[in-house]
Amino acid sequence: TAGYLTTHTMTLPPPSPSSSPLLTEKERRDKLTECLLSQYKFCAGGVVAGGAFSMARASSVRVGPWPLLAGGFIGTMGDFIYGYFVECAHLRDDNDSIIGVKEKKER
């Protein structure tokens, strides 16, 4: 059997870069940015809720675009927070901070 193993070895293709779990710092930050910017659910929900509020209040008061804008803004902030702490958490490391200040670890 030893001769069989040496003459019939299987060579595997090199791993593709996308399947590699090790990323450089720049690649990780780029993927984190891409992940954060791909979040849209709360923004869309906020705009829909703002539109529904505007239509509900249109019969009594002229509301304008402010409910749509407020819903979109609040939803966008929700998207960034949800994306940072939940959806994209696997791309963060200990040196990342949402406000730009590095957190101190207690020892």
Side-chain angles (χ1 to χ4, degrees):
T1 59
Y4 178 80
L5 290 177
T6 57
T7 58
H8 294 88
T9 58
M10 181 170 53
T11 58
L12 297 173
S16 65
S18 63
S19 66
S20 176
L22 300 175
L23 299 171
T24 66
E25 182 66 19
K26 182 174 179 352
E27 290 172 337
R28 187 190 61 77
R29 287 190 174 269
D30 289 344
K31 286 190 178 284
L32 179 61
T33 301
E34 182 180 331
C35 181
L36 286 174
L37 293 177
S38 69
Q39 306 299 316
Y40 65 89
K41 296 175 197 103
F42 291 117
C43 179
V47 170
V48 168
F53 178 80
S54 293
M55 291 192 316
R57 299 288 296 170
S59 62
S60 61
V61 180
R62 186 173 191 303
V63 187
W66 297 111
L68 287 169
L69 294 173
F73 179 75
I74 292 169
T76 300
M77 292 299 104
D79 283 329
F80 279 122
I81 292 169
Y82 179 77
Y84 187 78
F85 288 109
V86 179
E87 286 289 322
C88 307
H90 65 283
L91 294 170
R92 292 187 304 138
D93 68 5
D94 293 338
N95 294 325
D96 291 333
S97 175
I98 199 164
I99 56 173
V101 178
K102 294 185 179 183
E103 300 170 3
K104 293 181 181 177
K105 285 187 176 181
E106 293 183 26
R107 294 180 188 208

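As the structure is a prediction and not an experimental result, all values here were calculated from the model. Reckoned from all heavy atoms, side chains included, excluding hydrogens, waters and symmetry mates.
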statement: CD1 of Ile81 to CD of Glu87, rounded to nearest 0.5 Å, is 14.5 Å
message: Are the side chains of Arg92 and Tyr84 in contact, using a 4.5 Å heavy-atom criterion?
response: yes
- prompt: When clusters are formed by joining ILVMFWY residues with side-chain heavy atoms under 4.5 Å apart, either directly or through shared neighbours, do Ile74 and Leu69 land in the same one?
  reply: no
- prompt: Thinking salt bridges, do Glu25 and Arg28 make one under a 4.0 Å N-O criterion?
  reply: yes
task: Any chance you could measure Leu23, atom CG, to Arg29, atom CZ, to the nearest 0.5 Å?
output: 13.0 Å
field: In one Ile/Leu/Val/Met/Phe/Trp/Tyr side-chain cluster, 4.5 Å: Leu91, Tyr40
entry: no
message: Would a single hydrophobic cluster contain both Val48 and Phe73, if residues Ile, Leu, Val, Met, Phe, Trp and Tyr are joined by side-chain heavy-atom contacts under 4.5 Å?
response: no
- request: Locate the shortest heavy-atom distance separating Pro67 from Gly64; write the atom from each residue and the value.
  value: CD-O, 3.5 Å
- prompt: Any idea which heavy atoms bring Gly83 and Leu36 closest together, and the distance?
  reply: C-CD2, 3.6 Å
- request: Over all heavy atoms of both residues, which pair between Cys43 and Gly72 is shortest? Give the atoms and the distance, please.
  value: SG-O, 3.7 Å
- request: Specify the closest pair of heavy atoms between Gln39 and Cys88, including all atoms of both residues, with the distance to one decimal.
  value: NE2-SG, 4.1 Å
Leu37 and Phe80, any side-chain heavy atoms less than 4.5 Å apart: yes
- prompt: In Å, rounded to the nearest 0.5 Å, how long is the span from CD of Glu27 to CD of Glu34?
  reply: 12.0 Å
